[in-house]
Amino acid sequence: MKANEFRIGNKVDLYGTIATVTLYDFSKGLAITEGTPIPLTEEWLLKMGFEIVWDIWFFKGFQIWQEDNNFFFELRDRGVMDRHIEYLHQLQNLYFALTNEELIIK
């Protein structure tokens with residue numbers, strides 16, 4: 001895992017506790033954190049407001065489907081885009097890149 005994959009606001013696992021990346025070192029181009037990535041799970045999708053219908057998770061035009069314990073992101077309204085997502089921060093970053101809004105976790 002490369003630290004520069006994290007953005008401020010990403011959730012990480014910090015020694016068994018969920019933490020938020022809060023500092024960025026612009027001189028080195030990386031987020032400062034000792035945390036590790038959090039695997040994406042159905043529980044996290046529920047916390048972000050996704051709803052499941054027929055094995056597909058939906059949220060504001062976004063779709064996530066699961067195959068063999070792997071999650072895949074699709075955005076059909078703006079053209080089909082399949083992207084394998086393994087970690088929570090990847091979904092947070094992808095959502096932000098497409099909407100310019102943070103993905104709220106309840």
Exercise for the section: Evaluate the side-chain contact (heavy atoms from CB on, under 4.5 Å) criterion for residues Phe71 and Glu42: first the C-alpha distance (whole Å), next the side-chain angles of each, then the deciding distance (0.1 Å), finally the verdict. Expected result: CA-CA 9 Å; Phe71 289 97; Glu42 293 180 359; 4.2 Å; yes
Handout entry: Phe62 side chain reached by Phe73 side chain, heavy atoms, under 4.5 Å
Key = yes
Problem - Pair Asn70-His84, side-chain contact (heavy atoms from CB on, under 4.5 Å): steps then yes or no - result: CA-CA 7 Å; Asn70 293 303; His84 175 249; 3.3 Å; yes
Handout entry: Note, Ile104 side chain near Met48 side chain (heavy atom, < 4.5 Å)
Key = no
Problem - Distance in Å, Leu103 CG paired with His89 NE2, rounded so as to fall on 0.5 Å steps - result: 13.5 Å
Problem - Side-chain touch Ile56/Ile64, heavy atoms, less than 4.5 angstrom - result: no
Handout entry: Min side-chain heavy-atom separation Ile105-Gln92 under 4.5 Å
Key = yes
Problem - Taking every non-hydrogen atom, the tightest pair across Trp44 and Pro39 - result: CD1-O, 3.7 Å
Practice task
Kindly write out the residues that satisfy side chain to side chain donor-acceptor pair (under 3.5 Å) with Glu102, not counting sequence neighbours, or none if the list is empty.
Solution key: Arg7
Practice task
Could you tell me whether the side chain of Trp65 reaches within less than 4.5 Å of the side chain of Glu67, counting heavy atoms only?
Solution key: yes
Practice task
Could you tell me how the ring of Tyr95 sits relative to the ring of Phe59: parallel (under 30°), tilted (30 to 60°) or perpendicular (over 60°)?
Solution key: tilted
Problem - Contact check, side chains of Asn10 and Ile38, non-hydrogen atoms, under 4.5 Å - result: no
Problem - CD-CD distance between Gln90 and Glu86, expressed to the nearest 0.5 angstrom - result: 6.5 Å
Problem - Side-chain heavy-atom pair Leu45, Leu91 within 4.5 angstrom cut-off - result: yes
Handout entry: ILVMFWY cluster, Ile52 and Leu40 together (side-chain gap under 4.5 Å)
Key = yes
Exercise for the section: Using the rule that two of Ile, Leu, Val, Met, Phe, Trp, Tyr join whenever any of their side-chain heavy atoms come within less than 4.5 Å, decide whether Phe72 and Leu94 are in one cluster. Expected result: no
